[in-house]
There are 2 protein chains.
Amino acid sequence: MYLRELDAATREGRTTISSSTVARAFSITDAQVRRDLACLGQTGRPGVGYQSAELASRIRKALSLDRTWRLAIVGAGKIGTALMGYPRFAGGGFRVVVAFDDNEKLRGTTVAGVAVKPLTDLAEVIHSEQVELAVLAVPAEVAQDVAVRLVEAGVRGILNFAPTPLKVDVPVEVIDLSRSLEQLAFHVSSV
Amino acid sequence: MYLRELDAATREGRTTISSSTVARAFSITDAQVRRDLACLGQTGRPGVGYQSAELASRIRKALSLDRTWRLAIVGAGKIGTALMGYPRFAGGGFRVVVAFDDNEKLRGTTVAGVAVKPLTDLAEVIHSEQVELAVLAVPAEVAQDVAVRLVEAGVRGILNFAPTPLKVDVPVEVIDLSRSLEQLAFHVSSV
């Protein structure tokens, strides 16, 4: 969240930013911002604030975002295809190097500059393309099987869009669109 | 999560499901499952388990999902367009009734059966279509303004895909694709 705010500041030409400006953006206290950023060894100058670009660079380093992560999109349905051309991945240290899908119509095609390969080539291509992270956007029924194959092929982490829990020995982040909507509906009903 | 598991059980013809089966799916304890479900006034029968369909229906009711929520997609870019045809929304008590986008090329078109209207008509259409929830998939720069207009028009909750925090007086759920990938990269680096 801090990174978003700092990047916005840099884009808008604000070279310095105060803890109170950051705090206001997220409805938290100045003290919380200063405490969090102190963990990165950063202290703002009184009356001046933080150097936006320098602080952003420190945060990127702490989050291992000061490099490019090679990403595969697995499942080239509507969501997978939308993610292939997602511009903010490219801007944020992630490069989609390949996509996988078994749909015959997609075989040998390129979507948003990304080659779509069949899942039979998964292990080989993951290796040759040095894929580190995978976005899993396949139907729930096959998600676990595909996830296991990804990890066996050397993928180190999975962003899971499939609406089913995965059992694998690498870190998994979950995006469950329906669950998010359900939570929203629940909160709206409880207001 | 319980709902996902129960729906899967029902689909597969398993009319009853034990707390230990549910627990295994999420790597939690049987006792936790029983405690959670007891909050809904449900107790499984020893040696038999829970009635899958009945329990799912109870959970839906508790989460206000035993009705159809009328949904607008705001921003018909790649992500917005992918969501218009997302089949699991329709299966889960959500109906996309309209989309908004100012792209001239989309004016008057229909995507996945959903009419795309210009943002100038937002207030009027939100009212006439009785839209309750909105999925916000517009660029960060305009997200806050559009969100305020949505709330003024009567939208009761927002699912925010725009990578910027919103200040509005209705519940907001956030899906930040880049942030999820960043968290994944961080976890992978920390393993």
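Chain letters run A, B, ... following the sequence lines, proteins first, then strands; residues in each count from 1.
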- Taking A:A140, A:S189, A:A112, A:A8 one by one, which has the highest count of heavy-atom pairs under 4.5 Å against chain B?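 Most heavy-atom pairs within the cutoff with chain B belong to A:S189.
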
- Task: Go through A:S27, A:G85, A:S190, A:G80 and name the one with the most non-hydrogen pairs under 4.5 angstrom from chain B.
- Result: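 Between A:S27, A:G85, A:S190, A:G80, the count favours A:G85.
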
Atom pair [atom1]/[atom2] of [X] and [Y] - distance to nearest 0.5 Å:
X	Y	atom1	atom2	value
A:R45	A:S18	CZ	OG	14.0 Å
A:Y2	A:L40	OH	CG	9.5 Å
A:Q183	A:S178	CD	OG	11.5 Å
A:L83	B:K78	CG	NZ	10.0 Å
B:R34	B:S19	CZ	OG	4.0 Å
B:R4	A:D176	CZ	CG	4.5 Å

- Examine whether an atom of B:L181 lies under 4.5 Å from a heavy atom of chain A, and if so say whether it belongs to the side chain, the backbone or both; otherwise answer neither.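 Both parts, backbone and side chain.
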
- Using a 4.5 Å cut-off on heavy atoms from C-beta on, say whether the side chain of A:W69 contacts that of B:V188.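 Yes, at least one pair of side-chain atoms sits under 4.5 Å.
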
[X] versus chain B, the contacting section by heavy-atom distance below 4.5 Å:
X	answer
A:I79	both
A:V170	neither
A:L133	side chain
A:P163	both
A:A62	backbone

- Answer yes when B:E141 and A:R11 have at least one side-chain N-carboxylate O distance shorter than 4.0 Å, and no when they do not.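 No, this pair does not count.
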
- A:D7/A:R60 salt bridge by N-O under 4.0 Å criterion: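 Yes.
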
- Does the side chain of B:T68 pick up a donor-acceptor pair with the side chain of B:R95 at under 3.5 Å?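 There is no such pair (donor and acceptor under 3.5 Å, judged by atom type) between the side chains of B:T68 and B:R95.
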
- Within residues 152-161 of chain B, which positions have a heavy-atom distance to chain A below 4.5 Å?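 Interface residues of residues 152-161 of chain B: B:R156, B:G157, B:I158, B:L159, B:F161.
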
